[in-house]
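Scroll down for the structure; my scribbles are underneath it.
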Amino acid sequence: MERTKARLVLENGLEFEGFSFGSLQPSAGELVFNTAMTGYPESLSDPSYSGQLLCFTYPLIGNYGVPSDECVGGISKFLESEKIHASGVVVSDYSFNYSHWNAAKSLDEWLNENSVPGIYGVDTRAITKVLREYGCMSAKILCEGCADVDFIDSNKINQVARVSCTEPIFYKGGAKKVLLVDCGVKHNIIRCLLRRGVSIQRVPWDYDFSGMDYDGLFISNGPGDPDTCGAAVENIKRALGAEKPVFGICMGNQLLAKAGGASTYKLKYGHRSHNQPVRMVGTERCFVTSQNHGYAVDDSTLGTDWEPYFVNMDDGTNEGIRHKSKPWFSVQFHPEASSGPQDTEFLFDEFVKLVEN
């Protein structure tokens, strides 16, 4: 089989040579790594990876193909959104042969459909060591014979605006209505809420929902720097005046914290894996979680009415906040993920109970 050579070029001058799969067009973005052993279709379709080149540390990728992009009721049946959001894929060993009960196509075909390039045959362990030492950095994937492109600082772009819905969308469920601020919501979050019998009004990230009728507010995950989402923070601040239940996930944790007066900061290389241990503050309960974020809430800036809810057992960073007297809480990890035991999906039950009461 004839293979096209490709290069992964980092902004610090390092280059890794391999071979192309997927689209042959060049691409640039922030290079990050994910340590999960499975779940590449879900990761690539996660809007939180918008603007990033995703390096999978697990060596074999592509062996179980990609499921169909069938949608039911406006929600993808198997994926986390309608398309790939990552700007590029970096793997050690790409499997051209795949087998799985719900596989509809190969990863190579899916990348081509979405005009996303991939590179394989590179030392992903060495790449990960570089990122762990120097932190996430801009990079680009260049195929032999393709034009060069400039490096991009994707965090200076409002990535949330790129992935959010552009107009309100309604999902019919029960009598209680949850207003979902879409910062790049994963479809399994919508599934988890609908399974609990609520209706969902999904609105764009910067939508002024102050005059809308709802029973609970949900703030979704999303990509990039929370400082680019000032409009969302202001809308959330106004919503807190109504004292209705609030639940946020990932970017939602950061935006709720900012609405409460706290600040956020960029992590060196972020948390992106299926096995991050977090502890519920004030208890000895520890949970295995799935995560995908490059920013974190600064605990020291929380107001006196707020407190940490969860803490990361690896590095001590914030993994959630809650208000001491109001029904407002959020988490940095993904309780809707099914990367193993569904340890923290009970948080949706807690939220819906608050909404119903």
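- Under the 3.5 Å distance criterion, the side-chain polar atoms of Ser76 are left unmatched by any main-chain donor or acceptor of Glu82.
- Linking Ile, Leu, Val, Met, Phe, Trp and Tyr residues whenever their side-chain heavy atoms come within less than 4.5 Å leaves Tyr98 and Val89 in two separate clusters.
- The shortest distance between side-chain heavy atoms of Arg272 and Cys136 falls below 4.5 Å.
- A salt bridge links Glu15 with Arg7: at least one charged nitrogen is closer than 4.0 Å to a carboxylate oxygen.
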Checklist entry - So Cys192 and Glu345, side-chain contact (heavy atoms from CB on, under 4.5 Å) or not? Walk me through it. => result CA-CA 8 Å; Cys192 285; Glu345 200 172 303; 4.0 Å; yes
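- By the rule that hydrophobic residues join a cluster once side-chain heavy atoms approach within less than 4.5 Å of another member, Leu255 and Leu302 end up as members of one cluster.
- Proximity of Leu79 to His187: side-chain heavy atoms (C-beta onward) are nowhere separated by under 4.5 Å.
- Side-chain atoms of Leu217 and Phe209, non-hydrogen and from C-beta on, do get closer than 4.5 Å to each other.
- With a 4.5 Å cut-off on side-chain heavy atoms, Phe78 and Ser45 do not count as touching.
- Residue Phe33 holds its CZ atom at 14.5 Å from CZ of Arg125, rounded to the nearest 0.5 Å.
- The hydrophobic clustering, which links ILVMFWY residues whose side-chain heavy atoms are closer than 4.5 Å, places Ile219 and Tyr214 together.
- Other residues, nucleotides and ligands contribute more than 12 heavy atoms inside 6.0 Å of the CZ atom of Arg238.
- Remark: Lys172 NZ is loosely packed, at most 12 non-hydrogen atoms of other residues, nucleotides or ligands lying under 6.0 Å away.
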Checklist entry - So Thr289 and Asp343, side-chain contact (heavy atoms from CB on, under 4.5 Å) or not? Walk me through it. => result CA-CA 7 Å; Thr289 66; Asp343 274 17; over 6 Å; no
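- For Asn312 (side chain) and Asp315 (main-chain N/O), a donor-acceptor pair under 3.5 Å exists by modelled atom type.
- For the pair Met137/Phe151, no side-chain contact is recorded, criterion being any heavy-atom separation below 4.5 Å from C-beta on.
- Residues Ile249 and Val178 fall within the same hydrophobic cluster, defined by Ile, Leu, Val, Met, Phe, Trp and Tyr side chains chained together at heavy-atom separations under 4.5 Å.
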Next on the checklist: Is there a ring-ring contact (aromatic ring centres under 6.0 Å, His included) between Tyr265 and Tyr295? Walk through the geometry before answering.
Outcome noted: CA-CA 6 Å; Tyr265 64 97; Tyr295 289 79; 8.6 Å; no
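- Summarising the geometry of Cys143 relative to Ser23, their closest heavy-atom pair is SG-O, 4.2 Å, with the distance given to 0.1 Å.
- Interatomic distance, Cys183 SG to Asn221 CG, rounded to the nearest 0.5 Å: 8.0 Å.
- Within the 3.5 Å criterion, the main-chain N or O of Tyr207 finds a donor-acceptor partner in the side chain of Asn235.
- For the pairing with Phe329, the ring pair (Phe, Tyr, Trp, His ring centres under 6.0 Å) check across Phe310, Phe218, Phe247 returns one residue only, Phe247.
- Side-chain contact between Ser48 and Met251 is absent, with no heavy-atom pair separated by less than 4.5 Å.
- The environment of Tyr134 atom OH is sparse: at most 12 non-hydrogen atoms of other residues, nucleotides or ligands sit within 6.0 angstrom.
- In terms of heavy-atom proximity, Leu53 sits nearest to Ser87 at CD2-C, 3.7 Å.
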Next on the checklist: Quick one, Glu319 with His271, criterion side-chain contact (heavy atoms from CB on, under 4.5 Å). Give me CA distance, side-chain angles, the key distance, then yes/no.
Outcome noted: CA-CA 11 Å; Glu319 291 287 353; His271 299 145; 3.8 Å; yes
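- Just one of Phe21, Tyr40, Tyr58, Phe56 meets the ring pair (Phe, Tyr, Trp, His ring centres under 6.0 Å) condition when paired with Tyr94; it is Phe21.
- There is a path of hydrophobic side-chain contacts, each under 4.5 Å, that joins Trp205 to Val246.
- Asp182 approaches Cys165 most closely through the heavy-atom pair OD2-N, 2.9 Å.
- Looking at every heavy atom in both residues, Leu193 comes nearest to Val198 through O-CG2, 3.3 Å.
- Side-chain contact check for Asn34 and Tyr49: at least one donor-acceptor pair (N or O, by modelled atom type) lies under 3.5 Å.
- With hydrogens and angles ignored, the 3.5 Å screen pairs a side-chain donor or acceptor of Glu80 with a backbone N or O of Asn188.
- Between the side chain of Ser199 and the backbone N or O of Gly174 there is at least one donor-acceptor pair closer than 3.5 Å.
- Leu256 is listed as a side-chain neighbour of Trp306, based on a closest heavy-atom distance under 4.5 Å.
- Annotation: Met280, atom CE; neighbour count of heavy atoms from other residues, nucleotides and ligands within 6.0 Å is above 12.
- The closest donor-acceptor contact from the side chain of Lys258 to the backbone of Pro226 lies at 3.5 Å or more, if one exists at all.
- The shortest heavy-atom contact between Asp215 and Pro245 is O-CD, 3.4 Å.
- The backbone N or O of Gly22 lies less than 3.5 Å from a partner atom in the side chain of Asp108, making a donor-acceptor pair.
- Arg279 contributes a side-chain N or O that, together with a main-chain N or O of Thr283, makes up a donor-acceptor pair within less than 3.5 Å.
- Here the side chains of Met212 and Val203 are in contact, with some heavy-atom distance below 4.5 Å.
- With 3.5 Å as the limit, one finds no donor-acceptor pair spanning the side chains of Ser95 and Asn97.
- Between Asp349 and Arg196 there is a salt bridge, since a side-chain N of the basic residue sits under 4.0 Å from a carboxylate O of the acidic one.
- Remark: side-chain polar atoms of Glu30 are not paired, donor with acceptor, to backbone N or O of Ser154 under 3.5 angstrom.
- Here CD of Glu17 is found 11.0 Å from CG of Leu8. Values are rounded to the nearest 0.5 Å.
- The distance from the CG atom of Leu131 to the OG1 atom of Thr57 is 11.0 Å, given to the nearest 0.5 Å.
- When the shell of 6.0 Å around CG of Asp150 is examined, it contains 12 or fewer heavy atoms from other residues, nucleotides or ligands.
- Asn114 places a side-chain N or O within donor-acceptor distance of the main-chain N or O of Ile84, the cut-off being under 3.5 Å.
- With rounding to the nearest 0.5 angstrom, the OH atom of Tyr309 is 5.0 Å from the CG atom of Leu347.
- By the 4.0 Å N-to-carboxylate-O rule, Lys237 lies close enough to Glu234 to be salt-bridged with it.
- Atoms CD and CG, from Gln52 and Leu44 in turn, are 11.5 Å apart once rounded to the nearest 0.5 Å.
- Between Asn275 and Thr35 the shortest heavy-atom distance is OD1-OG1, 4.1 Å.
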Next on the checklist: Evaluate Asp225 against Asn155 for side chain to side chain donor-acceptor pair (under 3.5 Å), listing each step before the verdict.
Outcome noted: CA-CA 6 Å; Asp225 186 345; Asn155 293 298; over 6 Å; no
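- We find that Arg322 and Glu350 are not joined by a salt bridge, their nearest charged nitrogen and carboxylate oxygen being 4.0 Å or further apart.
- Counting heavy-atom neighbours within 6.0 Å of Lys5 NZ, excluding the residue itself, gives a total of 12 or less.
- No salt bridge links Asp305 with Lys326; every basic N to acidic carboxylate O contact stays at or beyond 4.0 Å.
- Salt bridge absent: Asp69 and Lys83 never bring a charged side-chain N and a carboxylate O closer than 4.0 Å.
- For Arg195, the CZ atom is densely surrounded, since the number of other residues' heavy atoms within 6.0 Å is greater than 12.
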